[in-house]
Q: 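Here you go, one structure.
Just the heavy atoms: all of them, side chains too, but no hydrogens, waters or symmetry mates, feed the values below. Note on naming: letters A, B, ... go to the chains in the order of the sequence lines (proteins, then strands), and numbering restarts at 1 for each one.
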Amino acid sequence: MEKVKLKLLYSDLRPELEMIEKELEVAVGSNSLLLNEASLHLLQAGGKRIRPVFVLLAGKFGNYRADVMKQVAVPLELIHMASLVHDDVIDDSEMRRGQTTVKAQWNNSVAMYTGDFILARALEYITVIEDSKIHDILSTTMIEVCRGEIIQIEDKYKLDQTIRDYLRRIKRKTALLISSSCELGATVSGTDAETAARLRRFGYFIGMSFQITDDILDFTSSDEELGKPAGSDFIQGNITLPVLLARQDPKIYSHLRNAVGKEMSDGERMEIVKMIRNSSALQQAKAISEQYLDKALKELDHLPKGPANKTMRKIAMFIGKRKF
Amino acid sequence: MNDIQIHSKITLMEIDVLQILHQRTLEKYTAGPSTDRARLFFLLLPFFDGKQWSEDIEDSAKTVAIVYAALHAHDQVKEASPVSKSQQLTVLAGDFYSGIYYRLLSGTKNIRLIQLLASGIISVSEKKASLYENTAMSVAGVESAANVIETRLLSIYYDHYGLSSYKEIAIPAMEYVYYTNQLDFLREGQKTNLLHKLNLALPLPLYSERWILDKLDELHTQLTDVLDSHPMDFRLKNFLLHQIIPHQHLAEQLTREG
């Protein structure tokens, strides 16, 4: 339902998004029956296509040509898809978006080759563009996203990490790819440098707010809404902002200290979830998320008014208020 | 160029690649990037043979070595569950190395090579996946998979720099190295998808070892024939035949093993 609501916000882009969807289908076509099946399985699981949306919207601030914009929008979504299929191996996930994951349907090796194949397709696709600036932005982003994920694994179960560590991690893990989507859309459509920089910062702030909201929802949503047990991040050792804020209470800290990294029953898990819910941590986290959102909206204030600006604003507001 | 100089150059390139790919956490928890010396030798072969060499070609050679390292990392991901920290980081190592090769080529504005290598990775991934398919594969299919997996990226690099004439040497030699590794796995009782497909393609599974030994003989003969008529320096030929693919003829192997 939430996904439908979000898609309604950018219904103006429907013709372009339909074209991108078709291109994605062609792009994941393979001579290998297995890769073909695995990639289509992944594609059909759907998704919000938020990265292509940001590419297209950012492009509206420049010399917008749908056929040029798709040269960036399609590979960005492919890179995201490739990272998801590998992430499912990392997290040992059986389900994603209500469908079995590639690793669950086939095995880890097939998931690895599917991800490599899709990533290579993305690079094959985007190298139609010869402007090396585009490739500098994207390649740097890919490296930083990986660094973010590496740090996330390194920081697992570390209850004593700083909030700065957390923010730096989510910047690389989530915000950078959204930020780059906006910057690439702006660059490929030939906007001036200041507009491109503002759009990059807009994407960064939105990405930060989006991830913090995601981390809050892990505690506030029900198991059914999330499609996984509430508090899963903590169980998996991912120490997110609500936990970092809640641990400031010595009693909660002591409880978390005893629980982190240990096998937990459903009852014990729910006890942690309730403790976080009853603390002020979620409100504080929400306030931080809103600060990022405000910064994103301020960037839009300095950009030319028009339908793209309006849609970006609506998406930003939606991200701030989403329920799951 | 003598043996010591060749070894030194390969070592320098290996050090460069390892430095480029260095990442503290990956270093600590994974096996680290794979830099196969035989592969580095073939990436540098035109240089050893006195061909005109530039920083650009050498940088590209390093990126090809990095692509191989990226794909190799993902070959190391096993089916174990729950996933260990080492396994999680091995997945990320492959992705990280891919990002590095992309950035290096982007930095030198070699967009065409990024595209060509990407198409090569597509072919390699498709062939690797084909070894997991349930459908039967002929012996020719197995040979084609081995050829693409091991040599496609190297061929792309040679073609891109107008060095295609080295393919007739490098392809049989790299295949030789590949089958030698498969033979070692077979003898150690390790299972690989290629050996599995080969077993199914041959009339009797026990023929696999004999088939690989015959294949090694065939590749060695092919290579010595090419080298006989190649104007390459004899010391370089010797290095290749004795240090990269030290061959033991089938008859010798069978005698040795009684």
Q: List the steps, then state whether side-chain contact (heavy atoms from CB on, under 4.5 Å) holds for A/Ser83 with B/Asp95.
A: CA-CA 8 Å; A/Ser83 74; B/Asp95 293 343; 5.9 Å; no
Q: For B/Ala70, is it the side chain, the backbone, both or neither that has a heavy atom under 4.5 Å from a heavy atom of chain A?
A: neither
Q: If only side-chain N and O atoms count, and only distance matters, is there a donor-acceptor pair under 3.5 Å linking A/Asp136 with B/Tyr102?
A: no
Q: Between B/Glu126 and A/Ser30, does the side chain to side chain donor-acceptor pair (under 3.5 Å) criterion hold? Intermediate values first, please.
A: CA-CA 7 Å; B/Glu126 286 177 338; A/Ser30 167; 2.7 Å; yes
Q: When rounded to the nearest 0.5 angstrom, what distance separates CH2 in A/Trp106 from CD in B/Glu133?
A: 11.0 Å
Q: What's the separation between atom OG1 in B/Thr30 and atom CD1 in A/Ile150, rounded to the nearest 0.5 Å?
A: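 Rounded to the nearest 0.5 Å, the OG1-CD1 separation comes out at 9.0 Å.
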Q: Of the listed residues (B/Thr25, B/Val124, B/Ile114), which shares the most heavy-atom pairs with chain A below a 4.5 Å separation?
A: B/Thr25
Q: When you compare the side chain of A/Tyr113 with that of B/Val77, does any pair of heavy atoms fall below 4.5 Å?
A: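 In short, these two side chains do not touch, never coming nearer than 4.5 Å.
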Q: Please rank A/Lys103, A/Met142, A/Arg121 by heavy-atom pairs under 4.5 Å with chain B and give me the top one.
A: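 Maximum pair count with chain B is reached by A/Arg121.
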Q: Measuring from atom CZ of B/Arg103 to atom CD1 of A/Ile137, what distance do you get when rounded to the nearest 0.5 angstrom?
A: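 Nearest 0.5 Å value for the CZ-CD1 distance: 13.5 Å.
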Q: Rounded to the nearest 0.5 Å, what separates atom CG in A/Asn31 from atom CD1 in B/Ile122?
A: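 Reported value, rounded in 0.5 Å steps: 9.5 Å.
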Q: Would you say that B/Lys128 contacts A/Met112 through its side chain, given a criterion of any heavy-atom pair below 4.5 Å between the two side chains?
A: no
Q: Taking the side chain from A/Asn108 and the backbone from B/Lys78, do they hold a donor-acceptor pair closer than 3.5 Å?
A: yes
Q: Of all the heavy-atom pairs spanning A/Leu34 and B/Ala129, show the shortest one and how long it is.
A: CD2-O, 3.5 Å
Q: Quick check: do B/Ile100 and A/Ile143 have side-chain heavy atoms less than 4.5 Å from each other?
A: yes
Q: Can you list the steps and then say if A/Phe117 with B/Ile121 is a side-chain contact (heavy atoms from CB on, under 4.5 Å)?
A: CA-CA 7 Å; A/Phe117 164 75; B/Ile121 294 168; over 6 Å; no
Q: Assess whether side-chain contact (heavy atoms from CB on, under 4.5 Å) is satisfied between B/Arg24 and A/Glu154, documenting all intermediate values.
A: CA-CA 11 Å; B/Arg24 193 177 45 84; A/Glu154 207 180 7; 3.3 Å; yes
Q: Donor-acceptor check, side chain of B/Gln88 to backbone of A/Ile90, threshold 3.5 angstrom: yes or no?
A: yes
Q: As an exercise, state the distance from CG of B/Leu116 to CG of A/Leu123, rounded to the nearest 0.5 Å.
A: 12.5 Å
Q: Is chain A contacted by the side chain of B/Asp75, its backbone, both, or neither, given a heavy-atom distance below 4.5 Å?
A: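 Backbone plus side chain of B/Asp75, per the 4.5 Å heavy-atom cut-off to chain A.
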Q: Among B/Gly94, B/Gly120, B/Ala118, B/Ala93, single out the residue with the greatest number of heavy-atom pairs under 4.5 Å to chain A.
A: B/Ala118
Q: Assess the residue pair A/Glu130 and B/Arg112 against the criterion (salt bridge (Lys or Arg N to Asp or Glu O under 4.0 Å)); give the C-alpha distance rounded to whole Å, side-chain angles, the decisive distance to 0.1 Å, and a yes or no.
A: CA-CA 8 Å; A/Glu130 288 181 358; B/Arg112 178 68 184 142; over 6 Å; no
Q: So, taking the atom named OG in B/Ser98 and the one named NE2 in A/His86, what distance separates them when rounded to the nearest 0.5 Å?
A: 8.5 Å
